[in-house]
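Here the structure is laid out as structure tokens; the discussion comes afterwards.
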Amino acid sequence: MKKSLFHHSLMLLLLTGCTGHSQTLAPGYEVGVWRGFRSVAVSYTFDDACSNQFALAIPMFNEHDFNLTLFTATGTDWIGPPNWTRLQEAADQGHEIASHSVTHTNMSGMNDSLQNFELEASKADIEAHITGQKCVTHAYPFCVAAKKSIMEKYYIAGRICSGTIVPRNPADFMNISSFVCGDQGSTRTAKDFMARARSAIKSKGWAVYLLHGIDNDGGWSPVASEELRASLDSLSANADLFWVETFGNVVRYIKERNAVSIAETSVQDGSITVQVTDELDNEIYNYPVTIRRVLPEGWPSATVSRNGLAVPFRMVESNAALFVEFDAVPDCGDIVISRSDETGVRTRRGATAFTPVLSRNYPNPFNPSTTLHFSLAAAGNVTLKVFDALGKEVQTLMRGRLPAGAHSAVFHAGGLESGVYFCRLEAGDAVQVRKMLLLK
Ligand SMILES: [Zn+2]
């Protein structure tokens, strides 16, 4: 098994070598084409700051835990001055605020200095008003591309709308295609949105949607809000296949994935130190890539940490081997993969939710109560239950949908007898178990 895996990684190295990228991976590693090793990237981009983008789309995306991109012109002539307060609110929720020029003019006939003004000043204006993110992408007004050499001075990607799926390695980042949505385009219903996304599964491509108006807000080519919502519901229901992220973050992911270098600096009994680096500008390229490593022979399971902090991970079965999979922003310190024997981390094929990190309870041994801490990489349905040594359920500590982040629960064992108890955390398809000792 070990040998075939080695060949498998060697093959990967050779394959990536052929495409001209500088990705270098130590044997046993794989990097996801898309985050979480999903099949398709999906980006919803909205132009011209139509009012229902704020009133309807953003709340809808927040509900689904998805991020969108707002391309806004920064001048006052096209749609009036940008509403920086609303845009900052959206930015604070994780959405991308990006450039749609200053005056919203077709740039094809413009001289270089005017094009430079449209591209430079809109970026500068957004960055002067919006904190917490950089303005790194641009959507050409009327989908007419500006001069590439000027674009490259300010942006990592530009969006056109030629109605095709973007390949996983775009030929030209300054000409990223999108689908025009709404009554002037061919993508109108949830069914249309999903047909586009599904058509990208086989090639592992990227579906980019271009929207303006929603319902009757006066925006161009409106999409019905119920169709938009239904498309998000479908993507959520198929979260193992579809990765929904902002335009800019998908570009970051592609460039990082292709530039990443993964090296092991120390392999000791039960502990592997890994360096994940790239040569890209860390000011812009600060998005995580998803990495998996085959478990060393004899390891029942593993945990992951970085700079002393637990990193969410999941165990994945792929090509008859067991991998530990996690996200890592390049250039942010050494990662340690540690052998783990005690946990009941199990993976069912196709599981997508990252295994929550269930920390050791404290205190332990305990009497009469102890606290459990866990963290979730993504929002989801969680149950946290306690079982006795015979597997009998004794208490439900938590049940329901929780946001991503750190959570805790207290186990009160007042009426119970001394002995071993197990705390079992279930989040999506992932299960993790911790042993606790009650000593009275
Ligand atoms: Zn526009």
Side-chain angles (χ1 to χ4, degrees), residues 43-54 57-58 67-92 95-162 172-178 180-182 184 208-214 217-221 246-249 251-252 281 283-284:
S43 297
Y44 285 76
T45 67
F46 295 79
D47 288 12
D48 298 351
C50 309
S51 62
N52 279 341
Q53 294 173 11
F54 298 93
I58 288 176
N67 296 322
L68 54 77
T69 298
L70 298 171
F71 284 113
T72 187
T74 56
T76 55
D77 298 343
W78 180 249
I79 41 150
N83 187 327
W84 295 115
T85 310
R86 280 193 311 193
L87 290 168
Q88 180 67 57
E89 264 172 37
D92 291 342
H95 306 295
E96 179 186 19
I97 313 304
S99 163
H100 196 33
S101 82
V102 176
T103 67
H104 202 285
T105 312
N106 180 338
M107 278 185 271
S108 69
M110 267 184 199
N111 66 40
D112 283 9
S113 73
L114 278 176
Q115 287 196 35
N116 192 82
F117 166 75
E118 294 285 349
L119 297 173
E120 183 183 23
S122 54
K123 176 188 170 80
D125 211 9
I126 288 171
E127 290 187 345
H129 285 92
I130 302 296
T131 58
Q133 59 175 259
K134 280 182 165 273
C135 173
V136 294
T137 66
H138 176 86
Y140 306 109
F142 311 107
C143 295
V144 180
K147 202 167 178 178
K148 197 171 166 183
S149 58
I150 306 174
M151 272 293 287
E152 282 171 344
K153 281 161 66 182
Y154 307 110
Y155 300 102
I156 62 173
R159 197 210 62 206
I160 54 171
C161 49
S162 48
D172 182 357
F173 280 98
M174 295 306 164
N175 277 289
I176 298 289
S177 179
S178 65
V180 173
C181 302
Q184 304 295 307
V208 182
Y209 303 120
L210 164 52
L211 296 88
H212 290 79
I214 299 167
D217 65 358
W220 184 74
S221 190
T246 66
F247 186 78
N249 281 343
V251 173
R252 285 183 175 94
D281 178 0
E283 291 277 304
I284 294 173

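Start at 1 with the first residue, then count along the sequence. Note that this is a predicted model, so its numbers are computed, not measured.
Put simply, the side chain of Ser221 gets close to the backbone of Cys181: a donor and an acceptor are under 3.5 Å apart. Judged purely by atom type and a 3.5 angstrom limit, Gln115 uses its side chain to pair as donor or acceptor with the backbone of Lys147. With hydrogens and angles disregarded, a donor-acceptor distance shorter than 3.5 Å links the side chain of Gln133 to the backbone of His95. Proximity of a side-chain donor or acceptor of Asn111 to a complementary backbone N or O of Ser113 within less than 3.5 Å is detected. Between the side chain of Ser99 and the backbone N or O of Ser101, at least one donor-acceptor pair lies under 3.5 Å. Between the side chain of Asn249 and the backbone N or O of Thr246 there is no donor-acceptor pair closer than 3.5 Å. Formation of a donor-acceptor pair under 3.5 Å by the Lys123 side chain with backbone atoms of Tyr154 is found in this model. Ser178 places a side-chain N or O within donor-acceptor distance of the main-chain N or O of Ile160, the cut-off being under 3.5 Å. Of the possible polar contacts, none joining the Thr137 side chain to the Gly158 backbone as a donor-acceptor pair under 3.5 Å is found.
No salt bridge links Asp281 with Lys134; every basic N to acidic carboxylate O contact stays at or beyond 4.0 Å.
Qualifying ring-ring contact (aromatic ring centres under 6.0 Å, His included) partners for Tyr155, counting only residues two or more places apart in sequence or in other chains: His138. By the ring-ring contact (aromatic ring centres under 6.0 Å, His included) test, His212 pairs with Trp220, sequence neighbours left out.
At a cut-off of 3.5 Å, with distance as the only test, a side-chain donor of Ser162 or Ser177 sits close to an acceptor on the other residue. When only modelled atom types and interatomic distance are considered, Asn116 and Lys153 share a side-chain donor-acceptor pair under 3.5 Å.
For the pair Leu87/His129, no side-chain contact is recorded, criterion being any heavy-atom separation below 4.5 Å from C-beta on. Side-chain contact between Val102 and Asp125: absent, with no pair of heavy atoms (C-beta onward) separated by less than 4.5 Å.
Taking the six-membered ring where the residue is Trp, His100 and His104 present perpendicular rings, their angle passing 60° and hence far from 30°.
When each of Val136, Asn67, Leu68 is paired with Glu96, the side-chain contact (heavy atoms from CB on, under 4.5 Å) condition holds for Val136 and for no other.
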